[in-house]
Chemist: 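Below: one structure in C-alpha coordinates.
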Amino acid sequence: MEILDGRALSSEIKARCKEDVAKLKERGITPGLAVILVGDDPASHTYVAMKEKSCKEVGIYSIVHKMPEDISQDKILETIEMMNQNPNIDGILLQLPLPEHINTQKLLSAIDPQKDVDGFHPTNVGKLVLGLDAFAPCTPLGVMELLKKYDIDPKGKDVCVVGASNIVGKPMMNLLLNANATVDICHIYTKDLAAHTRDADMVIVGVGKIGLITADMVKDGAIVIDIGINKTEDGKIVGDVAYEEVSKKCSYITPVPGGVGPMTIAMLMQNTVKSAKRRVDA
Ligand code: NAD
(Lines give C-alpha, C1' and ligand atoms only; values in the text may rest on other atoms or scores of the structure.)
Protein backbone atom coordinates (compact mmCIF):
# COMPACT_ATOMS: atom_id res chain seq x y z
CA MET A 1 0.00 0.00 0.00
CA GLU A 2 1.28 3.44 -0.92
CA ILE A 3 0.18 6.71 0.67
CA LEU A 4 -0.70 9.52 -1.72
CA ASP A 5 1.10 12.43 -0.11
CA GLY A 6 -0.91 15.57 -0.80
CA ARG A 7 1.16 17.67 1.52
CA ALA A 8 4.38 17.03 -0.41
CA LEU A 9 2.74 17.54 -3.81
CA SER A 10 1.04 20.72 -2.65
CA SER A 11 4.44 22.15 -1.62
CA GLU A 12 5.83 21.24 -5.05
CA ILE A 13 2.92 22.93 -6.84
CA LYS A 14 3.14 26.03 -4.68
CA ALA A 15 6.87 26.25 -5.42
CA ARG A 16 6.06 26.10 -9.15
CA CYS A 17 3.42 28.80 -8.71
CA LYS A 18 5.98 30.94 -6.89
CA GLU A 19 8.32 30.71 -9.88
CA ASP A 20 5.47 31.61 -12.25
CA VAL A 21 4.51 34.56 -10.07
CA ALA A 22 8.12 35.80 -10.08
CA LYS A 23 8.12 35.68 -13.90
CA LEU A 24 4.80 37.53 -14.04
CA LYS A 25 6.13 40.18 -11.66
CA GLU A 26 9.08 40.74 -13.99
CA ARG A 27 6.47 41.73 -16.58
CA GLY A 28 4.77 44.06 -14.10
CA ILE A 29 1.92 41.68 -13.24
CA THR A 30 1.19 40.71 -9.64
CA PRO A 31 -1.55 38.07 -9.50
CA GLY A 32 -4.37 39.12 -7.19
CA LEU A 33 -6.99 37.09 -5.32
CA ALA A 34 -10.04 38.64 -3.63
CA VAL A 35 -11.87 36.62 -1.00
CA ILE A 36 -15.33 37.48 0.28
CA LEU A 37 -15.97 36.15 3.77
CA VAL A 38 -19.42 36.58 5.28
CA GLY A 39 -20.24 35.94 8.94
CA ASP A 40 -18.37 34.31 11.82
CA ASP A 41 -18.23 30.61 10.90
CA PRO A 42 -14.96 29.49 12.56
CA ALA A 43 -14.18 26.86 9.88
CA SER A 44 -14.59 29.44 7.09
CA HIS A 45 -12.31 31.86 8.94
CA THR A 46 -9.68 29.11 9.32
CA TYR A 47 -9.88 28.20 5.60
CA VAL A 48 -9.58 31.84 4.55
CA ALA A 49 -6.57 32.35 6.85
CA MET A 50 -4.92 29.30 5.24
CA LYS A 51 -5.62 30.67 1.76
CA GLU A 52 -4.13 34.06 2.72
CA LYS A 53 -1.03 32.34 4.10
CA SER A 54 -0.54 30.38 0.86
CA CYS A 55 -0.97 33.55 -1.21
CA LYS A 56 1.78 35.20 0.82
CA GLU A 57 4.00 32.13 0.35
CA VAL A 58 3.74 32.20 -3.44
CA GLY A 59 3.67 36.00 -3.84
CA ILE A 60 0.02 36.46 -4.80
CA TYR A 61 -1.57 39.70 -3.62
CA SER A 62 -4.67 38.87 -1.58
CA ILE A 63 -7.45 40.92 -0.12
CA VAL A 64 -10.20 39.62 2.18
CA HIS A 65 -13.54 41.44 2.28
CA LYS A 66 -14.96 40.50 5.68
CA MET A 67 -18.68 41.14 6.00
CA PRO A 68 -21.12 40.74 8.90
CA GLU A 69 -23.60 37.83 9.01
CA ASP A 70 -26.58 40.16 8.37
CA ILE A 71 -25.07 41.87 5.30
CA SER A 72 -27.53 42.34 2.43
CA GLN A 73 -27.21 40.38 -0.79
CA ASP A 74 -26.96 43.64 -2.75
CA LYS A 75 -23.94 44.75 -0.73
CA ILE A 76 -22.13 41.49 -1.55
CA LEU A 77 -23.13 41.87 -5.20
CA GLU A 78 -21.65 45.37 -5.20
CA THR A 79 -18.35 44.02 -3.88
CA ILE A 80 -18.30 41.25 -6.50
CA GLU A 81 -18.94 43.82 -9.22
CA MET A 82 -16.14 46.00 -7.88
CA MET A 83 -13.75 43.03 -7.95
CA ASN A 84 -14.93 42.06 -11.46
CA GLN A 85 -13.90 45.55 -12.64
CA ASN A 86 -10.62 45.70 -10.69
CA PRO A 87 -7.76 45.00 -13.15
CA ASN A 88 -5.44 43.97 -10.31
CA ILE A 89 -7.73 41.12 -9.27
CA ASP A 90 -7.44 37.84 -11.20
CA GLY A 91 -9.43 35.58 -8.92
CA ILE A 92 -12.60 36.07 -6.88
CA LEU A 93 -13.58 33.57 -4.25
CA LEU A 94 -16.81 33.58 -2.31
CA GLN A 95 -16.20 31.55 0.83
CA LEU A 96 -19.06 29.08 1.33
CA PRO A 97 -21.38 28.42 3.07
CA LEU A 98 -23.19 31.77 3.06
CA PRO A 99 -25.94 32.78 5.51
CA GLU A 100 -29.43 31.49 4.71
CA HIS A 101 -30.88 34.83 3.55
CA ILE A 102 -28.33 34.94 0.71
CA ASN A 103 -28.98 33.34 -2.68
CA THR A 104 -25.63 31.60 -3.14
CA GLN A 105 -26.20 30.62 -6.76
CA LYS A 106 -27.10 34.19 -7.72
CA LEU A 107 -23.85 35.49 -6.21
CA LEU A 108 -21.71 32.76 -7.77
CA SER A 109 -23.26 33.60 -11.13
CA ALA A 110 -22.34 37.28 -10.68
CA ILE A 111 -18.60 36.52 -10.60
CA ASP A 112 -16.80 37.14 -13.90
CA PRO A 113 -16.27 33.57 -15.25
CA GLN A 114 -12.71 34.54 -16.19
CA LYS A 115 -12.01 35.34 -12.52
CA ASP A 116 -13.96 32.37 -11.16
CA VAL A 117 -10.95 30.50 -9.72
CA ASP A 118 -13.23 28.22 -7.68
CA GLY A 119 -14.93 27.02 -10.87
CA PHE A 120 -18.49 27.41 -9.54
CA HIS A 121 -19.89 29.80 -12.18
CA PRO A 122 -22.42 28.07 -14.51
CA THR A 123 -20.21 28.94 -17.50
CA ASN A 124 -17.26 27.07 -16.02
CA VAL A 125 -19.48 24.20 -14.85
CA GLY A 126 -20.85 23.89 -18.40
CA LYS A 127 -17.39 24.02 -19.95
CA LEU A 128 -16.20 21.32 -17.57
CA VAL A 129 -19.11 19.10 -18.59
CA LEU A 130 -18.25 19.68 -22.26
CA GLY A 131 -14.59 18.90 -21.62
CA LEU A 132 -13.48 22.42 -22.58
CA ASP A 133 -10.74 24.41 -20.90
CA ALA A 134 -12.28 25.90 -17.77
CA PHE A 135 -11.61 26.67 -14.15
CA ALA A 136 -12.42 23.39 -12.42
CA PRO A 137 -13.29 23.32 -8.71
CA CYS A 138 -10.12 23.10 -6.63
CA THR A 139 -10.83 19.99 -4.53
CA PRO A 140 -11.61 17.52 -7.36
CA LEU A 141 -8.91 19.15 -9.49
CA GLY A 142 -6.50 18.46 -6.62
CA VAL A 143 -7.52 14.80 -6.66
CA MET A 144 -6.74 14.60 -10.39
CA GLU A 145 -3.29 16.17 -9.83
CA LEU A 146 -2.57 13.71 -7.06
CA LEU A 147 -3.49 10.76 -9.30
CA LYS A 148 -1.28 12.15 -12.07
CA LYS A 149 1.67 12.53 -9.71
CA TYR A 150 1.49 8.83 -8.83
CA ASP A 151 0.93 7.76 -12.46
CA ILE A 152 -2.58 6.54 -11.76
CA ASP A 153 -4.48 6.87 -15.01
CA PRO A 154 -8.28 6.88 -14.57
CA LYS A 155 -8.73 5.77 -18.21
CA GLY A 156 -10.81 2.60 -18.35
CA LYS A 157 -11.04 2.29 -14.57
CA ASP A 158 -14.31 1.70 -12.76
CA VAL A 159 -14.51 4.61 -10.34
CA CYS A 160 -17.15 5.01 -7.66
CA VAL A 161 -17.62 8.59 -6.44
CA VAL A 162 -19.49 8.80 -3.15
CA GLY A 163 -21.06 12.22 -2.52
CA ALA A 164 -22.69 14.29 -5.25
CA SER A 165 -22.42 17.94 -4.19
CA ASN A 166 -21.83 20.75 -6.68
CA ILE A 167 -18.41 21.51 -5.22
CA VAL A 168 -17.03 18.00 -4.76
CA GLY A 169 -18.84 14.97 -6.20
CA LYS A 170 -20.33 16.32 -9.43
CA PRO A 171 -17.18 18.06 -10.72
CA MET A 172 -15.18 15.00 -9.61
CA MET A 173 -17.46 12.86 -11.78
CA ASN A 174 -16.96 15.16 -14.79
CA LEU A 175 -13.19 15.35 -14.45
CA LEU A 176 -13.01 11.56 -14.28
CA LEU A 177 -15.35 11.12 -17.22
CA ASN A 178 -13.21 13.57 -19.22
CA ALA A 179 -10.25 11.35 -18.32
CA ASN A 180 -12.12 8.34 -19.76
CA ALA A 181 -13.00 6.59 -16.51
CA THR A 182 -16.29 4.72 -16.10
CA VAL A 183 -17.96 6.64 -13.32
CA ASP A 184 -20.62 5.56 -10.86
CA ILE A 185 -21.86 8.31 -8.52
CA CYS A 186 -23.61 7.68 -5.20
CA HIS A 187 -25.37 9.91 -2.68
CA ILE A 188 -27.61 9.87 0.35
CA TYR A 189 -30.45 8.16 -1.57
CA THR A 190 -28.28 5.37 -2.99
CA LYS A 191 -30.00 2.14 -1.91
CA ASP A 192 -26.99 -0.10 -1.33
CA LEU A 193 -23.75 1.88 -1.19
CA ALA A 194 -21.52 -1.16 -0.69
CA ALA A 195 -22.91 -2.75 -3.86
CA HIS A 196 -21.44 0.21 -5.78
CA THR A 197 -18.11 0.61 -3.98
CA ARG A 198 -17.24 -3.11 -3.68
CA ASP A 199 -16.33 -3.72 -7.31
CA ALA A 200 -14.73 -0.35 -8.05
CA ASP A 201 -11.07 -0.01 -9.01
CA MET A 202 -11.13 3.36 -7.31
CA VAL A 203 -13.39 4.75 -4.58
CA ILE A 204 -13.47 8.52 -4.09
CA VAL A 205 -15.50 9.69 -1.12
CA GLY A 206 -16.51 13.23 -0.14
CA VAL A 207 -19.49 13.06 2.18
CA GLY A 208 -18.63 14.27 5.69
CA LYS A 209 -19.39 11.10 7.63
CA ILE A 210 -16.79 9.44 9.86
CA GLY A 211 -16.16 5.76 9.05
CA LEU A 212 -18.57 5.64 6.09
CA ILE A 213 -16.23 3.49 3.97
CA THR A 214 -15.16 0.29 5.73
CA ALA A 215 -12.84 -2.51 4.62
CA ASP A 216 -15.68 -4.78 3.50
CA MET A 217 -16.80 -2.07 1.07
CA VAL A 218 -13.61 -2.01 -1.04
CA LYS A 219 -12.00 -4.70 -3.11
CA ASP A 220 -8.41 -5.87 -2.65
CA GLY A 221 -5.99 -3.51 -4.34
CA ALA A 222 -8.47 -0.66 -4.75
CA ILE A 223 -7.35 2.97 -4.88
CA VAL A 224 -9.07 4.95 -2.11
CA ILE A 225 -9.30 8.74 -2.10
CA ASP A 226 -10.75 10.39 1.00
CA ILE A 227 -12.00 13.95 0.56
CA GLY A 228 -14.02 14.08 3.80
CA ILE A 229 -12.98 16.35 6.64
CA ASN A 230 -14.57 15.60 10.01
CA LYS A 231 -13.76 16.51 13.58
CA THR A 232 -13.99 13.72 16.18
CA GLU A 233 -15.30 14.38 19.69
CA ASP A 234 -11.74 14.71 20.95
CA GLY A 235 -10.93 17.29 18.26
CA LYS A 236 -9.01 15.03 15.85
CA ILE A 237 -9.40 15.60 12.09
CA VAL A 238 -10.42 12.44 10.21
CA GLY A 239 -11.90 11.61 6.81
CA ASP A 240 -14.84 9.46 5.70
CA VAL A 241 -12.78 6.29 5.34
CA ALA A 242 -12.05 3.89 8.22
CA TYR A 243 -8.36 4.36 7.51
CA GLU A 244 -6.85 1.68 9.73
CA GLU A 245 -8.79 -1.21 8.22
CA VAL A 246 -9.15 0.08 4.64
CA SER A 247 -5.45 0.94 4.23
CA LYS A 248 -4.59 -2.73 4.82
CA LYS A 249 -6.60 -3.73 1.75
CA CYS A 250 -5.94 -1.08 -0.86
CA SER A 251 -3.07 -0.28 -3.22
CA TYR A 252 -3.11 3.50 -2.69
CA ILE A 253 -4.83 5.68 -0.11
CA THR A 254 -4.91 9.35 0.85
CA PRO A 255 -4.48 10.18 4.53
CA VAL A 256 -6.59 12.76 6.36
CA PRO A 257 -5.07 15.17 7.11
CA GLY A 258 -2.29 15.45 4.55
CA GLY A 259 -4.06 14.04 1.49
CA VAL A 260 -6.62 15.94 -0.55
CA GLY A 261 -6.90 18.91 1.87
CA PRO A 262 -3.57 20.60 1.05
CA MET A 263 -4.17 19.96 -2.68
CA THR A 264 -7.28 22.16 -2.63
CA ILE A 265 -5.31 25.26 -1.66
CA ALA A 266 -2.50 24.43 -4.10
CA MET A 267 -5.08 24.29 -6.91
CA LEU A 268 -6.49 27.65 -5.84
CA MET A 269 -3.00 29.13 -6.18
CA GLN A 270 -2.59 27.41 -9.57
CA ASN A 271 -5.96 28.66 -10.85
CA THR A 272 -5.17 32.22 -9.72
CA VAL A 273 -1.81 32.16 -11.52
CA LYS A 274 -3.52 30.69 -14.61
CA SER A 275 -5.98 33.58 -14.55
CA ALA A 276 -3.21 36.17 -14.14
CA LYS A 277 -1.37 34.75 -17.16
CA ARG A 278 -4.28 35.96 -19.31
CA ARG A 279 -3.06 39.51 -18.62
CA VAL A 280 0.19 38.76 -20.46
CA ASP A 281 -1.70 38.14 -23.70
CA ALA A 282 -4.21 40.97 -23.15
P1 NAD B 1 -22.43 18.35 1.10
O2 NAD B 1 -23.13 18.19 2.40
O3 NAD B 1 -22.75 19.49 0.22
O4 NAD B 1 -22.66 17.02 0.24
C5 NAD B 1 -22.55 15.76 0.81
C6 NAD B 1 -22.90 14.70 -0.23
O7 NAD B 1 -22.80 13.43 0.40
C8 NAD B 1 -24.32 14.80 -0.78
O9 NAD B 1 -24.30 14.53 -2.18
C10 NAD B 1 -25.08 13.70 -0.05
O11 NAD B 1 -26.15 13.15 -0.83
C12 NAD B 1 -23.99 12.67 0.17
N13 NAD B 1 -24.23 11.80 1.33
C14 NAD B 1 -24.59 12.17 2.58
N15 NAD B 1 -24.70 11.08 3.36
C16 NAD B 1 -24.40 10.01 2.60
C17 NAD B 1 -24.34 8.61 2.84
N18 NAD B 1 -24.64 8.10 4.02
N19 NAD B 1 -24.00 7.81 1.80
C20 NAD B 1 -23.72 8.31 0.58
N21 NAD B 1 -23.74 9.62 0.31
C22 NAD B 1 -24.09 10.46 1.30
O23 NAD B 1 -20.89 18.31 1.46
P24 NAD B 1 -19.61 18.80 0.59
O25 NAD B 1 -19.50 20.27 0.69
O26 NAD B 1 -19.63 18.14 -0.74
O27 NAD B 1 -18.44 18.16 1.45
C28 NAD B 1 -18.31 16.77 1.61
C29 NAD B 1 -17.13 16.46 2.51
O30 NAD B 1 -15.94 16.88 1.84
C31 NAD B 1 -17.13 17.18 3.85
O32 NAD B 1 -16.55 16.36 4.82
C33 NAD B 1 -16.26 18.39 3.61
O34 NAD B 1 -15.65 18.87 4.80
C35 NAD B 1 -15.23 17.78 2.67
N36 NAD B 1 -14.56 18.76 1.82
C37 NAD B 1 -13.21 18.67 1.78
C38 NAD B 1 -12.50 19.53 1.00
C39 NAD B 1 -11.02 19.40 0.97
O40 NAD B 1 -10.33 20.35 0.65
N41 NAD B 1 -10.47 18.21 1.27
C42 NAD B 1 -13.16 20.51 0.25
C43 NAD B 1 -14.55 20.55 0.27
C44 NAD B 1 -15.25 19.66 1.07
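None of these values were measured; they are calculated from a predicted model. Indexing begins at 1, ligand by ligand and atom by atom, following the structure's order.
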Chemist: Does D74 form a side chain to side chain donor-acceptor pair (under 3.5 Å) with S72? I'd like the steps, not just the answer.
Modeler: CA-CA 5 Å; D74 285 347; S72 72; 5.5 Å; no
Chemist: Looking only at protein heavy atoms, which one is nearest to atom 21 (N) of ligand 1, and what is the separation?
Modeler: H187 C, 3.1 Å
Chemist: Using the rule that two of Ile, Leu, Val, Met, Phe, Trp, Tyr join whenever any of their side-chain heavy atoms come within less than 4.5 Å, decide whether L128 and I204 are in one cluster.
Modeler: yes
Chemist: Salt bridge check: are E145 and K148 linked by an N-O gap of less than 4.0 Å?
Modeler: yes
Chemist: Kindly state if atom 7 (O) of ligand 1 has a protein heavy atom within a strict 4.0 Å cut-off, that is, under 4.0 Å?
Modeler: yes
Chemist: Within a distance under 4.0 Å of any heavy atom of G208, pick out the atoms of ligand 1 and give their elements.
Modeler: 29 (C), 31 (C), 32 (O)
Chemist: Which residue supplies the protein heavy atom nearest to atom 10 (C) of ligand 1, what is that atom called, and how far is it?
Modeler: I188 N, 3.9 Å
Chemist: Quick one: nearest non-hydrogen protein atom to atom 40 (O) of ligand 1, plus distance?
Modeler: T264 OG1, 2.7 Å
Chemist: Of all the atoms in ligand 1, which lie at a distance below 4.0 Å from a heavy atom belonging to G261?
Modeler: 40 (O), 41 (N)
Chemist: Quick one: are I237 and I229 in side-chain contact, heavy atoms under 4.5 Å?
Modeler: yes
Chemist: Counting each atom of ligand 1 from 1 as listed, which ones have a heavy atom of A164 under 4.0 Å away?
Modeler: 6 (C), 8 (C), 9 (O)
Chemist: Is the closest heavy-atom distance from G169 to ligand 1 below 4.0 Å?
Modeler: no
Chemist: Which protein heavy atom lies closest to atom 30 (O) of ligand 1, and at what distance to 0.1 Å?
Modeler: I227 O, 3.7 Å
Chemist: For atom 38 (C) of ligand 1, state which one of I213, V161, T139, L268 supplies the nearest heavy atom.
Modeler: T139
Chemist: For the residue pair E2 and S251, establish whether any side-chain heavy-atom pair is separated by less than 4.5 Å.
Modeler: no
Chemist: Can you tell if the side chain of I265 reaches within under 4.5 Å of the side chain of K51, non-hydrogen atoms only?
Modeler: yes
Chemist: Between L193, V207, I237, V143, flag the one that comes closest to atom 13 (N) of ligand 1 by a heavy atom.
Modeler: V207
Chemist: Suppose I only count heavy atoms of G206 and a 4.0 Å limit; which atoms of ligand 1 are within that range?
Modeler: 28 (C), 29 (C)
Chemist: Polar contacts were defined as any N/O atom of the residue lying under 3.5 Å from an N/O atom of the ligand; does this apply to S165 and ligand 1?
Modeler: yes
Chemist: Could you tell me whether K274 atom NZ has more than 12 heavy atoms of other residues or ligands within 6.0 Å of it?
Modeler: yes
Chemist: Which atoms of ligand 1 sit under 4.0 Å from any heavy atom of G228?
Modeler: 30 (O), 32 (O)
Chemist: For atom 18 (N) of ligand 1, which protein heavy atom lies nearest, and how many Å away is it?
Modeler: L212 CD1, 3.8 Å
Chemist: State if I167 counts as touching ligand 1 under the rule of any non-hydrogen atom under 4.0 Å.
Modeler: yes
Chemist: Answer with side chain, backbone, both or neither: which part of V162 has a heavy atom less than 4.0 angstrom from an atom of ligand 1?
Modeler: side chain
Chemist: Starting from atom 34 (O) of ligand 1, find the nearest protein heavy-atom neighbour and note its residue, name and distance.
Modeler: I229 O, 3.5 Å
Chemist: Do D20 and K277 sit within salt-bridge range, that is, some charged N less than 4.0 Å from a carboxylate O?
Modeler: yes
Chemist: For residues V218 and V241: do they belong to one hydrophobic cluster (side chain heavy atoms under 4.5 Å, members Ile, Leu, Val, Met, Phe, Trp, Tyr)?
Modeler: yes
Chemist: Kindly give the heavy-atom pair with the smallest separation between A110 and L77, and that separation in Å.
Modeler: CB-CD2, 3.5 Å
Chemist: Nearest to atom 44 (C) of ligand 1 by heavy atom, L96, V168, T190, I265: which?
Modeler: V168
Chemist: Do you reckon L141 sits in the same ILVMFWY cluster as M173, going by side-chain contacts under 4.5 Å, direct or chained?
Modeler: yes
